[in-house]
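Only one structure is covered here, and it is reproduced in the block below.
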2 protein chains.
Amino acid sequence: MIYLICMKNHQITIFDLARELNISKSTVSRVLTGHPNVHPDTRKRVLDLAEKLDYQRNMIAIQLATQQSKTIGIIIPEILSSYFPYVIAAIQEEAHKEGYNVLISQSNESYETEVTNAKVMLDNRVDGVIVSITKETLNFDHLKVFQKKGIPIVFFNRVCNEMVVPKVIVDDYEGAFGAVEHLILSGRKRIAHLSGPSSLAISVKRLNGYLAALKKHNIPADPELIISYDFSKEKIAIYVNHLINLKNPPDAIFAINDPTAIDTIQIIKKNGLRVPEDIAVVGFSDDYVSALIEPPLTTVAQPVREIGITAAQLLFDQIKKDSSQWKTPVKILKTKLIVRKSS
Amino acid sequence: MIYLICMKNHQITIFDLARELNISKSTVSRVLTGHPNVHPDTRKRVLDLAEKLDYQRNMIAIQLATQQSKTIGIIIPEILSSYFPYVIAAIQEEAHKEGYNVLISQSNESYETEVTNAKVMLDNRVDGVIVSITKETLNFDHLKVFQKKGIPIVFFNRVCNEMVVPKVIVDDYEGAFGAVEHLILSGRKRIAHLSGPSSLAISVKRLNGYLAALKKHNIPADPELIISYDFSKEKIAIYVNHLINLKNPPDAIFAINDPTAIDTIQIIKKNGLRVPEDIAVVGFSDDYVSALIEPPLTTVAQPVREIGITAAQLLFDQIKKDSSQWKTPVKILKTKLIVRKSS
DNA sequence: CTGTTTCATGGGAGCGGTCCCTAAAATTGG
DNA sequence: CCAATTTTAGGGACCGCTCCCATGAAACAG
């Protein structure tokens, strides 16, 4: 049997299959897309030949013809901490179940990069996008574009308050409240808080949880003990040392997240103080590391997999529906205090 | 001014721009692709209108027309350990510099999934692919397809010996040798080795390095102390307990990688033994966690960023060249022993 | 036995670009 | 000032596929 195939680029097209079988490309297309109205014999012949010639469909052509990229985008501030990889992994699983690819971009906590990444997503015609903003993001025009163009968007973790779209967050307030109350109930009197940039809602909510817990137990909030920083590694040492050297130093530190808490512990130890005897430390997120460090970190666990799955589901809910039917739920997932030896 | 634009899907095309300016879409295309032969005035008019109407190029159409996806694929066994995210981040940086997108897929250490992922990459017509195989991968047909189709492929970390393509690895043998010699020089006599699946070259090389170090120092290799396991979390406990309970137990354990070493330490501690006093432990890779655990882990550091950058560069070298000019270098990067308190 | 459905297939217009080929306009040189 | 050359712009095939429409054959009902 002589194949008439002309394999430019080593690639076989439906046209090659059609010519070989002396049928039209429409029929081949019908077989390949699972369209019902094809004679079983024809279907078999096409499928057999496709298999035999190792036909590989061209998703790019399909994307162009169907006007959907079958791709969703993820825009996150960074990929290296253990929180995000877990969420990504969960999103990817859901996406693959739906037959979607995932384009991941990290903004490196830079607003500029986030804007660029959003453009790349647009260029690539993603069918939807899941976003967690950088600490610098104050203007949201680059994200509102998605709304304007009718591309579904879902936020998680670090959300944008001024956009009415689906969001997945955890009960940061409750989580922080519980963590701080735990410190109070274990006898701590002067509890400091290493907070994040006030631009982020999570910073504000966790701070409010902290303040509420103090208030409930009639402990006056001391502004000296509340430090808001920008997540830059170098500055943690400065702030922790500052706290330690206060004339009335704290006996506990509640950190905005686990990486901060872990660094805090290292610095306290470097100063010759003990954790938790001299200063207790509590973090937020239950990163993979937190159970392994010495002392193991008390922290507020987030359901990372559930966050990813929920975000993906909210996105696909929108992708599948007409935009007029979109809902904008805000899913608030529960956190869980994990008490370990650092407190 | 009345715009004639017909914005199906809220998207503006070059045709819309052309009609609006009363010129041909060829000219618009020329402007947008930076082709030189365009009158400066025309160029400005096009650019201005594009800006004004917020024209967004359609990468999918471009990909189809130019026959390149401007996307590279990464196939890795998992994304959650700290080794891979660092490599990925480095690859992504390089890719973005070249104007390429990155499609990441994790095989979850499953051969089946790896095969599926390879197909997805092919479907999406990636211009090249960077691969680290699963522990199960013994057949490489799904990867040889890339070669056959002329799609550049680069391996890193876990490479395929039977394929002659560029690879990026570290000097596993030397690294293991140095780690074990370090244990010997610090007075350890019975050094066990928790090795990986023998299907992986890294397992074999690290094992050989281990054996060579013993030999050099005239320590007979005891088969009882060499355990090969499949990276499954559950089994580490069994093997470590087994080692501890030998009538002649080891005084040191060299683990194939850091996660294993970290788990090993936890289990030793659970057994009421001390690290390093009773048993020293050494790992491989210098994961982010390793410095933070108690005791901090002695380990063989890998240049993760350099691995990613090198792999990406080798890939782009091939992508840019005609396949007849492809070279197949194997870059062997240096490891570095980081001595901490676990040994 | 004929009119109406249903089924199987072919034809062809997109999808949104690129890029080659050609033609007209502008520039240059002798 | 005209031929030769270079710029600038347009036309249209093509990338590989989908999907609507048309057509003819087969199946069915009256």
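We name chains A, B, ... by the order of the sequence lines, and we start the count at 1 in each one. Just so we're clear, the structure is a prediction, and the values are computed from it rather than from any experiment.
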- Task: Check the distance between dA9(D)'s C1' and His35(B)'s NE2 and give it to me in whole angstrom.
- Result: 11 Å
- Query: Between atom CZ in Arg19(A) and atom P in dG10(C), what is the gap in whole Å?
  - Reply: 15 Å
- Quick one: label Asp41(A) by what it contacts on the DNA or RNA (base, sugar-phosphate, nothing), any heavy atom closer than 4.0 Å. nothing
- Item | Atom pair OG/CG of Ser69(A) and Leu64(A) - distance to nearest 0.5 Å | 11.5 Å
- Item | Interatomic distance, Gln56(A) CD vs dG16(D) P [rounded to whole Å] | 14 Å
- Taking atom CD1 of Ile153(B) and atom CD1 of Ile75(B), what is their separation to the nearest 0.5 Å? 7.0 Å
- Roughly, in whole Å, what's the span from CZ in Arg125(A) to C1' in dC15(C)? 11 Å
- Does a side-chain N or O from Gln67(A) land closer than 4.0 Å to OP1 or OP2 of dG16(C), or not? yes
- Measure from the side chain of Pro40(B), starting at C-beta and using heavy atoms only, and say which of dA8(C), dA9(D), dT8(D) lies closest. dT8(D)
- Atom NZ of Lys70(B) and atom P of dC15(D): how far apart are they, to the nearest Å? 20 Å
- On DNA chain D, nearest-nucleotide positions of Leu64(B) versus Pro36(B): which is more 5'? Pro36(B)
- Looking across every strand, which nucleic acid part, if any, lies under 4.0 Å from Asn37(B) by heavy atom: base, sugar-phosphate, or nothing? base
- Query: Within a reach of under 6.0 Å around NZ of Lys144(A), are more than 12 heavy atoms found that belong to other residues, nucleotides or ligands?
  - Reply: yes
- Out of Lys52(A), Arg45(A), Lys44(A), which one pairs with Asp48(A) under the salt bridge (charged side-chain N to carboxylate O under 4.0 Å, His left out) rule? Lys44(A)
- Query: Can you check whether Thr27(A) has a side-chain N or O nearer than 4.0 Å to OP1 or OP2 of dT9(C)?
  - Reply: no
- Query: What orientation do Tyr83(B) and Phe156(B) show, parallel under 30°, tilted 30 to 60°, or perpendicular over 60°?
  - Reply: parallel
- Note on the structure: Separation between CG (Leu138(B)) and OH (Tyr111(B)), nearest 0.5 Å, reads 8.5 Å
- Task: Establish, with yes or no, whether the OP1 or OP2 oxygen of dC17(D) is under 4.0 angstrom from a side-chain nitrogen or oxygen of Tyr55(A).
- Result: yes
- Message: Expressed as a whole number of angstroms, how long is the span from Ile60(A):CD1 to dT18(D):P?
- Response: 14 Å
- Query: Between Phe15(A) (CZ) and dT18(D) (P), how many Å, whole number?
  - Reply: 15 Å
- Just how far is it from atom CD of Glu98(B) to atom NZ of Lys320(B), taken to the nearest 0.5 Å? 3.5 Å
Measure all distances between protein nitrogen or oxygen atoms and nitrogen or oxygen atoms of nucleotides 18-22 of chain C, and list the pairs falling under 3.5 Å.
| from | atom 1 | to | atom 2 | distance (Å) |
| --- | --- | --- | --- | --- |
| dT18(C) | OP2 | Ser29(B) | OG | 2.4 |
| dT18(C) | O4 | Lys25(B) | NZ | 2.8 |
| dC19(C) | N4 | Ser26(B) | OG | 3.4 |

- Across the strands shown, which category fits Ile23(B) at heavy-atom distances under 4.0 angstrom: base, sugar-phosphate, nothing? sugar-phosphate
- When the distance from CG of Asn58(B) to C1' of dG14(C) is rounded to whole Å, what number comes out? 14 Å
